[in-house]
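For ligands, and for the atoms within them, numbers begin at 1 and follow the listed sequence.
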Amino acid sequence: MALIRDSGNIKAGDGVVTVNGWVQDVRNLGGISFITLRDRHGTVQITMPKKKIEPELFESLTRLSRESAVSVTGEVKESNQTALGVEIIPSSVKIHSEAASPLPLGVVDKVNAEMDTRLNNRFMDLRKPEVRAVFELRSMAIDLIFEAAAENGFVCVNTPKIVASGAEGGSTLFGVDYFGKQAYLAQSPQLYKQMLMSAGLDRVFEIGPAFRAEHSNTNRHVTEFISFDGEMAWIEKEEDVMEMIGKLIDRVLRGLVEKGARQLEALGKEIRVPELPYPVLTYEECLKIAVDAGLPLKAGDDLGTEGEKIIGDVMSSKGHDLYFIAEYPEEAKPFYIMEKPGTQYSYSFDLDFKGQEISSGGQREHRYDVLTERMEKKGLNPDDFGFYLDAFKYGMPPHGGWGIGVDRLITKLLDLPNVREAILFPRDLGRLSP
Ligand code: AMO
């Protein structure tokens, strides 16, 4: 029986091995032919001196179309002509599935395909090592989030994604017909993670899908994203939450640098780990920076993409890629955020990464009466939120939390031009398939 090897662990002295992969390239030079066989880890060369190979085998190997899925068995030989230092002299091949041609998308061609063509043929796009590397790093980041959250006493939860009321504003709700009743796809786990604070779990986190009927077609908005939410009880101030986020993100960044070296190299990227604590600017300070830079903003206005970018540039020039923007006007924040007494501000924050929001959070309003008042002020009917409000009637600790867009975190971390680069099968205004 031949050993099963891949391009990551094959070595001289292995004897006869079988390697599974895709035919990246076939070069037939007459007397000798070569196949570059690609697998998840890289490529290995199959060398076929015509005289030493069965004519039938030589014929079937040299005729293979690019990207066909095959298993090649043969002897491993040392070679100073290949990057791995070995080559395989084939003795048999199993052709599992011959690729049709032309290919919908080149895997190794240097021509940059349009994003739409790539997404329409994502299975093929993902065969590119630099595209696959993004998702391997994303997987590592999620593993690291689980580790970091557990180390800090967070309990992993799963909350419903078909819900009766939205928490993040009516304009981005996707309606669902739920056996004749009006239901929605969850925009966030907000209401449920807060209810769990009253349940005594103290610290919970969730990594799950969030749905927003976003009508904006931008490079950072999609209609389905993955949110890393956390909520913690018994906090004294929103800074407690910011400190925790810093701790968790720092752990993830350090872990990626340590574990993701191969993937980062495939991508040609480096991760810069900023020092803790991440600086905190107030909304007012940011507004001033944006206005001084020439943006026509007035008190209370959204900083907007442009404003965020200006602040990002200022902070990056000081060596701060990650920073908080705190104390937003209460009017700009949802009902569940606590107001800062005697001001028009709130105990809320965003975490921005090089000029783009990747997270928001804050201290929550845990006092039943104030919370219902705030709902009414925001034009909501507390009766529609009875299941949520009940949890505030019988002993709700002070609490706060955050939602981090995992896709945006990966996008900014790897300096990708579009959030869709960090999502396998993105959903947006114009895309429901594949
Ligand atoms: P918010 O609505 O700011 O807050 O969302 C939190 C984070 O989720 C990401 N995000 C998105 N990513 C891609 N496409 C979108 N359309 C999109 N919308 C949001 C962003 C954003 O910072 N419940 C609160 C969080 C909290 O207070 O705990 C919430 O959902 O990275």
closest protein heavy atom to atom 7 (C) of ligand 1 is G403 O, 3.6 Å

Please test Y336 against Y388 for ring pair (Phe, Tyr, Trp, His ring centres under 6.0 Å), starting from the C-alpha separation and ending with a verdict. CA-CA 11 Å; Y336 48 78; Y388 164 73; 8.0 Å; no

So that I can tick it off, tell me whether E330 and K340 are bridged by a salt bridge, with the cut-off set at under 4.0 angstrom between side-chain N and carboxylate O. no

Run the contact test for G362 against ligand 1 with a 4.0 Å cut-off on heavy atoms, strictly below, and give the result. no

Of all the atoms in ligand 1, which lie at a distance below 4.0 Å from a heavy atom belonging to E214? 16 (N)

Note the single closest protein heavy atom to atom 3 (O) of ligand 1, along with its residue, its atom name and the distance in Å. S360 OG, 2.5 Å

Would you call V222 a ligand 1 contact, heavy-atom distance under 4.0 Å? yes

Hey, does G361 sit under 4.0 Å from ligand 1 if you only count heavy atoms? yes

Can an N or O of G405 be found at a distance shorter than 3.5 Å from an N or O of ligand 1? yes

Atom 2 (O) of ligand 1: nearest protein contact (heavy atom, Å): R212 NH1, 2.8 Å

among protein heavy atoms, the one nearest atom 13 (C) of ligand 1 is R220 O, 3.4 Å

Tell me: protein heavy atom nearest atom 31 (O) of ligand 1, and distance? I358 O, 2.8 Å

Within-cut-off N or O pair, E231 and ligand 1, under 3.5 Å: no

Please compare E357, R408, Q187 and report which has the shortest non-hydrogen distance to atom 22 (O) of ligand 1. E357

Could you tell me, atom by atom, which parts of ligand 1 come under 4.0 Å of a heavy atom of W402? 26 (C), 28 (O)

Close approach, R364 and ligand 1, non-hydrogen under 4.0 angstrom: yes

Check each of H221, K333, K193 against atom 28 (O) of ligand 1 and report the one with the nearest heavy atom. K193

Quick one: look up the protein heavy atom nearest atom 24 (C) of ligand 1 and list residue, atom name and how far away it is. Y336 OH, 3.3 Å

Under 3.5 Å side-chain donor-acceptor pair for E168 and S188: yes

For the pair R122 (side chain) and L424 (backbone), establish whether a donor and an acceptor sit closer than 3.5 Å, ignoring hydrogens and angles. yes

Indicate the atoms forming the closest heavy-atom contact of S198 with A391, along with that distance. OG-O, 3.1 Å

Tell me, please, which residues at least two apart from R127 pass salt bridge (Lys or Arg N to Asp or Glu O under 4.0 Å). E67

So, D14 and R5, do they make that salt bridge, N to O below 4.0 Å? yes

Using salt bridge (Lys or Arg N to Asp or Glu O under 4.0 Å) as the criterion, point out the one residue from R427, K412, R138 that pairs with D407. R138

Can you find a heavy atom in the side chain of Y278 that is under 4.5 Å from one in the side chain of L351? yes

Give the residue, atom name and distance (to 0.1 Å) of the protein heavy atom nearest atom 9 (C) of ligand 1. F225 CE1, 3.6 Å

Ring centres under 6.0 angstrom apart (Y328, Y347): no

Side-chain polar contacts of residues 258-271 - donor-acceptor pairs under 3.5 angstrom, sequence neighbours left out - could you list them?
unit_1	atom_1	unit_2	atom_2	d
Q263	NE2	E136	OE1	2.9
K269	NZ	L414	O	3.2
K269	NZ	D415	O	3.2

